[in-house]
2 protein chains.
Amino acid sequence: MTRKGGVSSKRPTIYDLARIAGASPSAVSSILNGSWEKRRISAATAKRVIRIAQEQGYAVNRQASLLRRDRSHIIGMIVPKYDNRYFGAIAEQFETMARAKGLFPVITCTQRDPELEFEAARELLSYQAETLVVTGATDPDRISELCAASGVRTINLDLPGSKAPSILSDNFGGAKDLTRLILKRATEAFGAAPPLWFVGGRQHDHNSMERLRGFRAACDESGQPFAPQRVLMPGYSPQKAFAAMEGAEIPQQAAIFVNSTIALEGVVRWLNQHPSLKAVRFGCFDWDPFAALLPQNVGMTEQDVTGMLAELFRVIDAGGQSSTAAIKLPCILRPLP
Amino acid sequence: MTRKGGVSSKRPTIYDLARIAGASPSAVSSILNGSWEKRRISAATAKRVIRIAQEQGYAVNRQASLLRRDRSHIIGMIVPKYDNRYFGAIAEQFETMARAKGLFPVITCTQRDPELEFEAARELLSYQAETLVVTGATDPDRISELCAASGVRTINLDLPGSKAPSILSDNFGGAKDLTRLILKRATEAFGAAPPLWFVGGRQHDHNSMERLRGFRAACDESGQPFAPQRVLMPGYSPQKAFAAMEGAEIPQQAAIFVNSTIALEGVVRWLNQHPSLKAVRFGCFDWDPFAALLPQNVGMTEQDVTGMLAELFRVIDAGGQSSTAAIKLPCILRPLP
DNA sequence: CAATGTTGCTCAACCGATTGAGCATGGAAG
DNA sequence: CTTCCATGCTCAATCGGTTGAGCAACATTG
């Protein structure tokens, strides 16, 4: 059996199948994509072609198929990292839900690099993605503009943007609740409210700012002084959080609001190197099953990933007429024993 | 400005650009894909077309481009899960390294569902992936056969297959080292060697079998009895590990070899509900930064993800003539204080 | 001044699937 | 015996880039 100019094997096309089956390429095409009944192809021919396709190991060429069709059903997602539970869960559930909707999910991980984010968005556009979901990007509006120019919908997940619908956690409320819990537990442990640090995140990151606002609100509410020098926002990485801890002068009786499990990695590594600080209490915005078992941890804030993704697909299903207003979902506070 | 039969805006094509620039579509194409010097297009025309492309927000249609070109540069990967550090690191580093090689990585997560694995492989074939990397699949040989029929290379990562090159951790050696460490530490803690459990993984999973073999070798070597009823392999999920622990009658002085952080989630959740077992020691095959801080944890086995991926791309660069023999990489044992 | 080479492009076929239009054939109705 | 319709297909254009072949216009060489 030879195909494609005499070279044997490799990727049969509908033309190969048509020749073998003694049918026309258009018949084969419609049989394989399911439109054969509408096109009045007999069941006998359909059965024969399907058998031959199977024998030949035929797989449609999506490039050719999508070139002609009007919809690609591709939905792209940009994520900053895979290496923590939060984004891992987002990626995994996104794939599952997209597939359940008959879409083809393509996720790409952009390491919080603004240029890579933009390049990845371009690339997904080139692949004719119909929708682009942007998570944890530095400049979502730039991506939204790029996509809008090509008529591609974008939706911001877990970050706000002014040019596209955004789905967010209630970072303010979540942080306020977590701060309250930390203060309560630390006060119980130490007999009095200890100084409270805020560690992790980025100065100009919207989520970080909102969480800091919630942190501050809880401090104010309980009459705790808010000290700007105890706010450490060195960026998202365990190393940076660790380095920031080095610079902070943390007393033996202290409490820490840790902004993300990424920062928590640095914080606990540092605390572990300073056994005199065994009494220090912390709480963390974001959830991790192992971090939840650390003895100094008083509670973790779990973001409602399933809820956010359900909301995401609701917005997608609703079509283009959705507003750019942000949808906020409450977080789940998980106090620890 | 109208394009595509009078409808305004949406996705300009090279034909639109050609019309605007007063050039031919082939000139525009070669300018935008970088082959214009070879095709003797003047720098002036090139500059003009590039400017117009930018103004119009042009992005190449990969579907059309790939249809004609002979190489797609797409490299696919199948991963079972994203929600743990091991596969998170694999996915992330794979993307980074693939991009550095000028490839377009497409990762899909298949939830350890054999049918979904196969479907995902088909799908990646349809997108003209040139290479498919299979991780954690139930039946890698079935996928290898499918791909071989289309002339697509497959490479197994972290699992052995007979139909494609495989890159593996030295599960036997890693498990033997970890078991030794667990026995040593538990003996130190209890004064005598306690009964040793093996928890996690699947009965017919190659990696689990190899680790069990290493576990057993270390038991034999140190004169510890190997008790089959203390081997619990309920499958990969925290819930299953938890349930298995419920059935096991673990004494206060015991030690556990935990096969994967996924199983560890269930094990520690269970241990946490049984405070009388505070003394129980465990070690875990796979690494996690927070699990590493749990007081009962004596050590974790880190698989050499970077090394495996370096090996993977070495095999890919070497081209088709690589053998189907397995390449084994040593694991890194990380003892904990 | 003819032959030759170089520059700067354009033409048209092609990749593989999709799809609107249309063409035989056979049976039923008038 | 014609007309009409249903059935079961095939034809050919098309999607948007890519690429080998080729063509003017001009410069250079003998």
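Numbers restart at 1 for each chain; the letters A, B, ... are given by sequence-line order, proteins then strands. Both backbone and side-chain heavy atoms feed into the values below; hydrogens, waters and symmetry mates do not.
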Touch check for Val28(B), heavy atoms < 4.0 angstrom, all strands: base, sugar-phosphate only, or nothing? nothing
May I have the step-by-step check of ring pair (Phe, Tyr, Trp, His ring centres under 6.0 Å) for Tyr82(B) and Phe87(B), ending in yes or no? CA-CA 6 Å; Tyr82(B) 289 129; Phe87(B) 288 119; 9.2 Å; no
Any side-chain N or O of Ser24(B) less than 4.0 Å from the OP1 or OP2 oxygen of dT10(C)? yes
So which nucleotide from dG16(C), dG17(D), dC9(D) ends up closest to the side chain of Ser65(B)? dG17(D)
Take atom CD of Gln63(A) and atom C1' of dC14(C), then tell me their distance rounded to the nearest Å. 16 Å
Is a salt bridge present between Arg314(A) and Asp317(A), judged by a nitrogen-to-oxygen distance below 4.0 Å? no
Send over the distance from Asn61(B) CG to dG17(D) P, rounded to a whole Å. 5 Å
Can you tell me the distance, in whole Å, between the CG atom of Leu125(A) and the P atom of dG16(D)? 15 Å
For Gln128(B) and Arg71(B), does a side-chain donor sit closer than 3.5 Å to a side-chain acceptor? no
Could you give the side-chain donor-acceptor pairs of residues 132-139 of chain B under 3.5 Å, partners two or more places apart or in another chain?
| unit_1 | atom_1 | unit_2 | atom_2 | d |
| --- | --- | --- | --- | --- |
| Thr135(B) | OG1 | Ile78(B) | O | 3.2 |
| Thr138(B) | OG1 | Glu117(B) | OE1 | 3.2 |
| Thr138(B) | OG1 | Glu117(B) | OE2 | 3.0 |
| Asp139(B) | OD1 | Arg142(B) | N | 3.3 |

For the residue pair Tyr127(A) and Phe104(B), is the inter-centroid distance of their aromatic rings smaller than 6.0 Å? yes
Measure all distances between protein nitrogen or oxygen atoms and nitrogen or oxygen atoms of nucleotides 19-26 of chain C, and list the pairs falling under 3.5 Å.
| unit_1 | atom_1 | unit_2 | atom_2 | d |
| --- | --- | --- | --- | --- |
| dG20(C) | N7 | Arg39(A) | NH1 | 3.2 |
| dG20(C) | O6 | Arg39(A) | NH2 | 2.5 |

Would you kindly give the CG-to-C1' distance between Leu66(A) and dG16(D), to the nearest whole Å? 13 Å
For Ile41(A) and dA17(C), give me the distance from atom CD1 to atom P, rounded to whole Å. 16 Å
Apply the test side chain to side chain donor-acceptor pair (under 3.5 Å) to residues Asp16(A) and Thr13(A): give CA-CA distance (whole Å), side-chain angles for both, the deciding distance (0.1 Å), then the verdict. CA-CA 5 Å; Asp16(A) 299 313; Thr13(A) 70; 3.3 Å; yes
When Ala64(B) and Arg48(A) are each assigned the nearest nucleotide of DNA chain D, the 5'-most assignment goes to Arg48(A)
Taken to the nearest whole Å, CD1/Ile31(B) to P/dT18(D) is 12 Å
Without decimals, in angstroms, what is the distance between Ile14(A) CD1 and dC15(D) C1'? 14 Å
Within less than 4.0 Å of OP1 or OP2 of dA17(C), is there a side-chain N or O belonging to Tyr58(A)? yes
Can you measure Tyr15(A) atom OH to dT10(D) atom P for me and round it to whole angstrom units? 13 Å
Pairing residues for Thr306(B) by the side-chain contact (heavy atoms from CB on, under 4.5 Å) criterion, not counting sequence neighbours: Gln93(B), Asp304(B)
